[in-house]
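First the structure, in the form of structure tokens, and then the observations on it.
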Amino acid sequence: MASTTGPSGSVVSRSPAKSGNKTIPPSPKYSESRNRQTNKSSPKKSKEAASSSHRNSDNFSRNVNTNSSSNRNDVTKEQRMQNKKGKKTGDSKIKMKFFNCMKCMKSWLFWLSIIVAVVAILYKKSIEKLNYENAKQELLGSVGEAGLTLFDQYDFDEDGYLSLNEFIPITHRLIDVRVPIEYNFQFDVDDEALVVEASFVPLTPSTMKKIIEEGEQIMETQKCFSGLKEWKKPAKNLMIYSAKHFKPFLPTNPDFMNSVGKVYTLWEGSRFQYITGQMPSSNRYFPSLFKDNQAIFHSLLSMFHPRPFLLSRFEPQGAVACVRAYNSEFVDIAFRIHAEFQLNERPNLPFWFTPAYFFGNLIINKNATSLLKFNLAVPTHNKLNVDMEWLTNVADEVNMEVNIGFLPKMELKSLSRSTVHANQLDFEGIDEAVTNQEISSISWTEEISMEEAMKSMEVKMFPFKEVPYYNFTSAFKKAQAVQKLVHSIILWGVLDDQSC
């Protein structure tokens, strides 16, 4: 038997009721009263439990919503990525197809343009040829066969027109038509005359680099060498001059007459070239006009070849001289000349032959009425002493063929001193020994060596020669003597003349 305190403090006793093996549950009234009692005893806890339960349910719902939302977002992102990848794949396929189409189209356009260009060129050529033939027929009817032949000589590209480059040689020919081939020097009755002899040994072909590389047969097969190949002897072996014809060799300043080593100019380069920096054209055949006082120089060089050019295309240009020795009656004048020759004739393109330089001297009295000695020559102490250039294309004067070679002899000299009655000169009876003996007996008031005179003129033509240069064999001895280093320069040719 059990006892229980009731809600009012009374004690209630009861015995468990049994109905067989089953236990009878407590009375509902008692349970309710107990619940009420429990609730009354802890009202805060029930509220907290209720609010906690409510919060838990809210958190659960939020978590569910958040999880479902994140799941949806992840699915959406994956779908977007897949859509983008698919779109990119589709775009790349489209681009590749477009690129292949454009590449194929460009290839076709390229070959089509080539075909069109070739057809256009062929068509143009055929039209030009037809027009050229028609123009030739018209020209033939106007100027005849001779006029047509002259036109063809200058129409290098055969287009029926003369371009500026083709017209330049004609201007030189028209302007220079007055250049005399024969000189009619005047002789007075009392003039003293002398005989000048020319000596010439042709260029040695084996010294040319082009011949060494390609063989001497090119001299026969290539037309550009025709002028060089045919030049075997002087244009004139002998010439008679009067002593007064050599007056242009004398200095115009009288103070130079009695002063050794002072360099003066015989003629100089073109002022136009100095101002513009443009050299004379290489596409020409005839020499430029010269002044009257230059006639003797042109005539002397014409003994070698009929087309000498007193004004060379490249610097140094012109000629200089100085008094090597003098006395009261005579002067010994040393000189240096830079000139060149054009060897070819139409229809071959110009071929330029430029010796290193000409040097020489003459002994003449101060009023130019008597001349004891004259000589002029190309130096032969170097292994190479002549420069050659020739055009291969009339439209291109810059990129010419260039070569260097050796010329064994190119010399002019007087056979005797000047004498009166030039028309009675006996060439075979001339005795050079008598003249040399007379020259050796001259007593000079002041003189310098020929080497010193040549050095002075060298510096005038090449200002860089103010610094001394030595050949390879003597440079090391000089360096050892002055205790200085050696600066070596290796050249194909010579630095201080036109053969380089």
Side-chain angles (χ1 to χ4, degrees), residues 91-174 208-211 213-215 217-229 278-285 313 342-352 388-403:
D91 291 344
S92 63
K93 289 181 179 180
I94 293 172
K95 288 180 179 178
M96 285 298 294
K97 289 181 180 179
F98 179 76
F99 177 76
N100 291 333
C101 290
M102 289 300 295
K103 188 176 180 181
C104 183
M105 186 179 296
K106 286 181 179 179
S107 177
W108 278 104
L109 287 174
F110 172 76
W111 288 109
L112 181 62
S113 63
I114 293 294
I115 294 171
V116 171
V118 171
V119 172
I121 291 172
L122 293 175
Y123 177 75
K124 183 181 178 182
K125 290 290 183 183
S126 62
I127 294 298
E128 288 178 351
K129 186 175 181 180
L130 181 61
N131 292 337
Y132 180 62
E133 293 299 329
N134 293 335
K136 285 182 70 173
Q137 293 299 322
E138 294 179 5
L139 187 62
L140 181 63
S142 301
V143 298
E145 188 68 31
L148 181 61
T149 302
L150 181 64
F151 181 86
D152 287 339
Q153 286 181 352
Y154 291 93
D155 185 19
F156 297 107
D157 53 8
E158 298 183 353
D159 61 349
Y161 300 93
L162 294 181
S163 65
L164 181 60
N165 287 324
E166 293 168 335
F167 183 71
I168 288 174
I170 299 179
T171 61
H172 288 298
R173 182 167 184 170
L174 295 174
M208 294 177 61
K209 184 179 179 181
K210 190 173 184 67
I211 300 297
E213 293 176 348
E214 302 182 26
Q217 68 274 7
I218 65 170
M219 295 281 287
E220 304 295 332
T221 58
Q222 296 188 15
K223 293 182 178 180
C224 60
F225 294 107
S226 61
L228 179 64
K229 183 180 66 175
Q278 298 178 356
M279 72 174 190
S281 172
S282 295
N283 185 19
R284 52 189 175 140
Y285 294 83
R313 293 163 300 142
Q342 199 292 111
L343 305 187
N344 280 351
E345 296 180 352
R346 291 287 185 188
N348 299 320
L349 294 176
F351 185 103
W352 295 92
M388 289 159 286
E389 299 178 3
W390 58 95
L391 271 68
T392 57
N393 185 347
V394 68
D396 189 1
E397 294 187 31
V398 178
N399 299 314
M400 297 190 296
E401 286 272 3
V402 180
N403 224 288

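Values in this document were obtained by computation on a predicted structure and should not be read as measured data.
Using modelled atom types, no side-chain atom of Asn403 and backbone atom of Met388 make a donor-acceptor pair closer than 3.5 Å.
Nearest heavy-atom pair across Ser282 and Trp352 is O-NE1, 2.9 Å. Closest heavy-atom contact between Phe225 and Ile218: CD1-O, 3.7 Å. The minimum heavy-atom distance linking Met400 with Leu391 is given by the pair SD-CD1, 3.0 Å. Between Lys223 and Asn344, the closest heavy-atom pair is O-ND2, 4.4 Å.
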Query raised in the report: Given the rule in the side chain to side chain contact (heavy atoms under 4.5 Å, CB included) test, do Arg284 and Arg313 qualify, once you have shown the distances and angles that lead to the verdict?
Result: CA-CA 11 Å; Arg284 52 189 175 140; Arg313 293 163 300 142; 3.9 Å; yes
**Report entry** From CA spacing to verdict: side chain to side chain contact (heavy atoms under 4.5 Å, CB included), Arg346, Tyr285
**Finding:** CA-CA 8 Å; Arg346 291 287 185 188; Tyr285 294 83; 3.2 Å; yes
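The structure places CG of Asn283 at 9.5 Å from CD of Gln342, a figure rounded to the nearest 0.5 Å. Once rounded to the nearest 0.5 Å, the distance linking CE of Met208 with CD of Glu214 reads 10.0 Å.
Residues satisfying the side chain to side chain contact (heavy atoms under 4.5 Å, CB included) criterion with Glu401, sequence neighbours excluded, are Lys210, Trp390, Thr392.
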